[in-house]
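In what follows, chains carry the letters A, B, and so on, assigned in the order in which the sequence lines appear, proteins first and then strands, with residues in each chain numbered from 1.
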Protein chains: 2
Amino acid sequence: MAVRKLDEEDVEGVGGKAAVSLGELEKSGGFVLRIAQLSAFERFFTVFGESEIRISEFTVLLALSENPGIRQGVLADVLKIKWSNMTKLVRALEDRGLIARHIPHDDRRSVVLSVTEAGKKQIDATAEKMYRSDREALSMLDDAEHAQLIALSRKIAGWPEVK
Amino acid sequence: MAVRKLDEEDVEGVGGKAAVSLGELEKSGGFVLRIAQLSAFERFFTVFGESEIRISEFTVLLALSENPGIRQGVLADVLKIKWSNMTKLVRALEDRGLIARHIPHDDRRSVVLSVTEAGKKQIDATAEKMYRSDREALSMLDDAEHAQLIALSRKIAGWPEVK
DNA sequence: TATTGTTATACTCTATAACTATA
DNA sequence: TATAGTTATAGAGTATAACAATA
């Protein structure tokens with residue numbers, strides 16, 4: 001029995017970009033969810049372009065402006081950021097004067113955050129551009145699908161239904 | 001005008017976990033998509049537990065078994081993995097005897113991959129557990145919602161509609 | 001010249017555990 | 001003892017550019 005030369009016959013038609021199937025994997029919610037998120041972010045960064053503030057930082061800044069005086073740990077939990085990493089993120093924002101940290105008298109272990117005037121300016125300068133880029137990155141979805149995506153995502157994240 | 005003591009009054013009621021709103025951010029498709037993906041993966045890893053193979057590696061292995069003899073670069077593109085990183089991943093799988101690399105005669109620049117017998121055994125041992133964990137991580141969705149999620153994700157990823 | 005893959009490297013993200021200070 | 005946050009560090013994942021071999 002001759003050693004078969006795999007190389008030629010097995011490759012036919014699969015080398016091209018077209019006919020790649022992933023089988024069962026394509027029915028895995030977690031897998032497609034991840035690919036979708038990567039695709040969306042890739043597009044988002046292309047549209048959003050370079051900025052003086054990171055998305056993660058800007059997200060914290062925005063979330064903070066919606067919840068003035070929130071505790072650092074609570075915000076970290078909501079945004080799925082580990083406390084240890086939140087510390088660095090918050091420090092970076094504080095160093096640039098975008099947020100302020102306060103130690104409340106009633107629990108001096110905790111740190112309470114707020115957006116400074118400079119932080120508010122940063123938000124004004126960036127928010128609209130960000131939302132526009134975000135919507136553009138998902139421009140393949142019509143409004144109904146976009147709403148569907150948000151409803152499904154909320155459910156997966158365990159967030160309350162309506163809001 | 002006295003310096004206001006922010007600390008006490010501004011914090012009331014926001015220190016708790018309940019009433020955190022993210023405002024406009026919650027209507028950002030990209031943002032909620034990311035939170036959803038993180039939540040799902042967190043849950044997935046909890047259910048899936050420790051394994052002798054990484055998810056990224058197992059994904060490559062599975063994709064490979066669906067596309068025997070696919071070129072390394074093509075697979076990398078589909079899975080959104082950079083070529084430079086794919087090299088390491090493939091090397092690690094080859095070192096463990098799970099896949100084999102071939103240089104096809106008709107294009108000796110390229111590398112063509114295939115799953116070995118050991119690789120197939122690994123798939124048999126892990127696939128079912130993985131799919132079960134995946135579905136469990138998304139157990140808050142009913143079947144219709146799960147199908148919706150996959151359809152939306154495919155669309156976002158730019159994959160063909162029906163399959 | 002363009003393409004396929006490799007190497008080396010750096011940078012961001014994320015995870016863990018030990019630590020402090022307060023409660 | 002438990003909680004809020006910090007520090008240090010390690011690890012995974014990702015990105016970039018220079019490179020070799022082949023087309």
Side-chain angles (χ1 to χ4, degrees), chain A residues 7 11 14-17 34-35 37-42 44-46 50-51 53-60 69-95 99-113, chain B residues 7 11 14-17 34-35 37-42 44-46 48-51 53-60 69-95 99-113:
Chain A
D7 307 349
V11 185
V14 207
K17 198 126 183 184
R34 172 150 178 80
I35 297 285
Q37 196 253 296
L38 289 176
S39 302
F41 264 55
E42 203 172 79
F44 175 81
F45 283 114
T46 305
E50 289 307 313
S51 180
I53 190 166
R54 263 187 267 277
I55 299 299
S56 56
E57 293 173 339
F58 190 64
T59 301
V60 168
I70 197 176
R71 273 200 291 106
Q72 183 170 316
V74 174
L75 189 57
D77 289 345
V78 173
L79 298 178
K80 304 256 174 222
I81 300 172
K82 288 267 182 300
W83 286 20
S84 53
N85 300 324
M86 192 63 161
T87 297
K88 279 189 298 187
L89 221 166
V90 159
R91 183 70 40 92
L93 287 171
E94 192 192 19
D95 287 348
I99 66 173
R101 292 154 27 99
H102 308 277
I103 310 294
H105 295 147
D106 59 325
D107 185 349
R108 297 176 37 72
R109 293 172 306 180
S110 65
V111 175
V112 141
L113 305 173
Chain B
D7 307 348
V11 184
V14 208
K17 199 128 184 184
R34 173 150 177 79
I35 296 286
Q37 196 254 294
L38 289 176
S39 302
F41 263 55
E42 202 173 80
F44 175 81
F45 283 115
T46 303
F48 191 75
E50 290 306 314
S51 182
I53 190 166
R54 262 188 269 277
I55 299 300
S56 56
E57 293 173 340
F58 189 64
T59 302
V60 167
I70 196 175
R71 273 200 291 105
Q72 183 171 315
V74 174
L75 189 57
D77 290 346
V78 173
L79 298 178
K80 304 255 175 224
I81 299 171
K82 289 269 180 299
W83 286 19
S84 53
N85 301 323
M86 192 62 162
T87 297
K88 280 189 297 184
L89 220 165
V90 160
R91 182 74 38 94
L93 287 171
E94 193 193 17
D95 287 349
I99 67 173
R101 293 153 27 98
H102 308 277
I103 309 294
H105 296 146
D106 59 325
D107 185 350
R108 299 176 34 72
R109 294 171 304 179
S110 64
V111 175
V112 141
L113 305 175

Upstream residue (5' side of DNA chain C) when I81(A) and D107(A) are each assigned their closest nucleotide: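 Taking each residue's closest nucleotide, the earlier one in sequence belongs to I81(A).
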Without decimals, in angstroms, what is the distance between [X] [atom1] and [N] [atom2]?
X	N	atom1	atom2	value
R54(B)	dT14(C)	CZ	P	17 Å
Q37(A)	dG13(D)	CD	P	15 Å
F45(B)	dA15(C)	CZ	C1'	12 Å
L75(B)	dG5(C)	CG	P	10 Å
I103(A)	dT6(D)	CD1	C1'	12 Å
D95(A)	dT6(D)	CG	P	12 Å
D77(B)	dG5(C)	CG	P	9 Å
W83(B)	dT14(D)	CH2	P	18 Å

Please tell me if [X] has a side-chain N or O lying less than 4.0 Å from either OP1 or OP2 of [N].
X	N	answer
R101(B)	dT4(C)	no
R109(A)	dA2(D)	no
T87(A)	dT6(D)	yes
K82(A)	dT14(C)	no

Touch class at under 4.0 angstrom, heavy-atom based, for N85(A) against every strand present: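 Base contact.
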Shortest non-hydrogen separation from F44(B) to I55(B) and the atoms involved: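 F44(B) and I55(B) have their closest heavy atoms at CE2-CD1, 3.4 Å.
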Polar side-chain contact R108(B)-dT22(D) base: donor and acceptor under 3.5 Å: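 No, no donor-acceptor pair under 3.5 Å.
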Base dT16(D) to side chain S84(B), donor-acceptor N/O within 3.5 Å cut-off: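 Side chain to base: pair present.
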Listed nucleotide nearest any side-chain atom of R91(A), set dT7(D), dG5(D), dT12(C):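 Out of dT7(D), dG5(D), dT12(C), the nucleotide with an atom closest to R91(A)'s side chain is dT7(D).
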Closest to the S56(B) side chain, choosing from dG13(D), dT6(C), dT14(D):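 The nucleotide sitting nearest to the side chain is dG13(D).
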Position toward the 5' end of DNA chain D (nearest nucleotide), V90(A) or R34(A):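 The residue closer to the strand's 5' end, by nearest nucleotide, is V90(A).
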Side-chain touch V60(A)/I81(A), heavy atoms, less than 4.5 angstrom: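 V60(A) vs I81(A): side chains touch.
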